[in-house]
There are 2 protein chains.
Amino acid sequence: MARTTGSHSDITGPRVLDAALRLFARHGYAAVSMRQIAKEVGVQAGALYNYTPDKQSLLFDLMKRHMQELLDTRSDHCRPGTALKQLEDFTRFHIRYHLDRSDEVFIAYMELRNLTPENFTVIEALRRRYENELETILQQGAVEGVFAITDSRIETMAVIAMLTGVTTWYRAEGRLSATEVEGIYWDMVRKAVSV
Amino acid sequence: MARTTGSHSDITGPRVLDAALRLFARHGYAAVSMRQIAKEVGVQAGALYNYTPDKQSLLFDLMKRHMQELLDTRSDHCRPGTALKQLEDFTRFHIRYHLDRSDEVFIAYMELRNLTPENFTVIEALRRRYENELETILQQGAVEGVFAITDSRIETMAVIAMLTGVTTWYRAEGRLSATEVEGIYWDMVRKAVSV
DNA sequence: GTCTATATGCTGATAGAC
DNA sequence: GTCTATCAGCATATAGAC
């Protein structure tokens with residue numbers, strides 16, 4: 001127990017990313033030092049560089065992993081159906097997924113400006129792909145005649161902002177369950193875009 | 001011209017806050033140094049401490065000033081009327097005000113975690129007062145029978161998140177004017193909360 | 001009121017022992 | 001793979017000259 005030196009490559013690697021995730025979400029990328037991350041993992045600062053070339057890569061890897069998992073999980077849950085049904089699926093999926101990953105979501109929205117320009121471009125492209133999935137649903141609903149779409153891009157951004165906002169106030173121990181919150185938001189989204 | 005020393009108290013004070021506002025909004029509080037702020041103002045770092053006791057006070061003063069101006073301006077624009085009319089006023093005011101102050105808004109939402117606990121309490125109280133104004137309108141609309149309110153707190157947070165989100169994508173040189181954007185958002189808000 | 005100089009400590013990252 | 005030691009630089013904030 002409490003071995004202070006030796007080989008831990010199989011467990012230390014994931015622990016570095018986990019520690020960075022938690023600390024970046026809590027204090028912000030710029031305010032967290034490599035020494036703080038190392039302390040959280042239980043190694044010295046120099047050892048971190050066996051797992052990441054630099055601090056920027058930690059942030060980029062966390063954000064890329066989050067966005068790709070978001071897109072992949074969404075693909076798995078995607079079912080054909082009417083625009084209304086697809087919009088309900090998207091709404092409930094987005095809320096549930098975001099409530100389950102509050103740290104990742106927080107970083108993905110707050111730390112964009114701390115990415116290098118090249119890394120920013122990659123993350124923005126992934127985010128745009130996700131937004132486009134919602135926009136496609138809204139456009140399909142307009143074709144079906146069930147949605148009133150003035151400018152599908154704006155309505156897309158408005159719906160996503162509303163849904164993502166749930167992460168800023170929801171607490172699992174609060175008076176409403178995630179399922180109840182889903183229901184209330186779905187009511188609002190449905191009415192907001194319907195004819 | 002280019003006087004490098006002397007007395008500028010009347011103009012330097014505001015310039016310090018302005019520089020901090022711009023730099024904090026662009027790079028984030030933690031990533032901006034007092035030297036950067038001083039350089040932007042055109043003085044040496046030590047001179048800043050004639051105008052602020054420390055860096056934290058710069059952030060706190062910016063956020064407090066923003067929240068108080070938001071509340072004051074909202075009070076000036078507030079007119080009696082039906083809940084529907086008041087909600088329209090709130091919606092259009094919120095969008096216009098936030099589009100006109102993108103730097104302040106960005107800081108007010110992104111830098112909360114960089115406030116000391118005492119300062120955070122003050123800012124949160126001001127923000128809560130603003131949110132309560134919207135919640136009161138929604139509750140009044142429920143009493144009038146025109147709004148369908150399941151949980152007025154959640155609907156309040158959902159509407160504010162949707163409206164504030166406009167600052168993340170709106171560009172003055174884009175294809176839509178602020179007034180057009182106001183109209184689209186008002187349509188969505190009205191439908192989202194109506195019976 | 002601003003300057004220069006400085007105190008004190010932390011930063012990201014690297015080198016070499018084990 | 002992790003350690004200790006270290007580099008070169010920047011951080012906030014202060015002291016005292018002008």
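Keep in mind that this is a model prediction, so the values were computed, not measured. Quick note: numbers below take in every heavy atom, side chains included, and nothing from hydrogens, waters or symmetry partners. Just so we're on the same page: letters track the sequence lines, and every chain starts at 1.
One finds no salt bridge joining A/Asp61 and A/Arg65 here, because no Lys/Arg side-chain nitrogen approaches an Asp/Glu carboxylate oxygen to under 4.0 Å. Contact check on B/Arg190 versus B/Glu88 returns no salt bridge, with no Lys/Arg side-chain nitrogen under 4.0 Å from an Asp/Glu carboxylate oxygen.
Among residues at least two apart or in separate chains, side chain to side chain donor-acceptor pair (under 3.5 Å) pairs with a member in residues 14-32 of chain B are B/Arg22-B/Glu40.
Residue B/Gln44 has a polar side-chain atom (N or O) positioned under 4.0 Å from OP1 or OP2 of C/dT4. Remark: A/Thr12 is in phosphate contact with D/dT2, judged by side-chain N or O atoms under 4.0 Å from OP1 or OP2. When the side-chain nitrogen and oxygen atoms of B/Ser33 are compared with OP1 and OP2 of D/dA11, one or more of them lie within a distance under 4.0 Å.
Backbone-only engagement by A/Val32 is indicated by non-hydrogen atom pairs under 4.0 Å involving sugar-phosphate atoms exclusively.
Nearest approach of B/Ile160 to B/His94, heavy atoms of both residues: O-NE2, 4.4 Å.
At whole-Å resolution of the value, NZ in B/Lys39 and P in C/dT2 are 19 Å apart. Taking atom CG on B/Leu48 and atom P on D/dT14, their separation rounds to 13 Å, with Å as the unit. Rounded to whole Å, the distance from CZ on B/Arg15 to P on C/dG1 is 16 Å.
Residues A/Asp103 and A/Phe24 are not in side-chain contact: their nearest non-hydrogen atoms beyond the backbone lie 4.5 Å or more apart.
Residues that satisfy the side chain to side chain donor-acceptor pair (under 3.5 Å) test with A/Glu124, not counting sequence neighbours, are A/Arg127. Partners of A/Arg175 according to the salt bridge (Lys or Arg N to Asp or Glu O under 4.0 Å) rule, which considers only residues two or more places apart in sequence or in another chain, are B/Asp151.
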For nucleotides 13-18 of chain C, read 5' to 3', which letter fits each nucleotide if B means a protein heavy atom sits under 4.0 Å from the base, S means only the sugar-phosphate is that close, and - means neither? BB----

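Comparing the end axes of the helix from C/dG1-D/dC18 to C/dC18-D/dG1, each fitted to five base pairs by superposing C1' atoms of four pairs onto the next four, gives an inter-axis angle of 0° (nearest 10 degrees).
Considering only side-chain atoms of B/Tyr51, the nucleotide from C/dG1, D/dA11, C/dT11 that sits closest is C/dG1.
Checking B/Val43 against A/Gln36, the closest nucleotide of DNA chain C that is more toward the 5' end is the one next to B/Val43.
Counted within 6.0 Å of NZ on B/Lys64, heavy atoms from surrounding residues, nucleotides or ligands total 12 or fewer; the atom is thus considered open.
The hydrophobic cluster around A/Met110 extends to A/Phe106, B/Phe106, B/Met110, counting ILVMFWY residues whose side-chain heavy atoms fall within less than 4.5 Å of a member.
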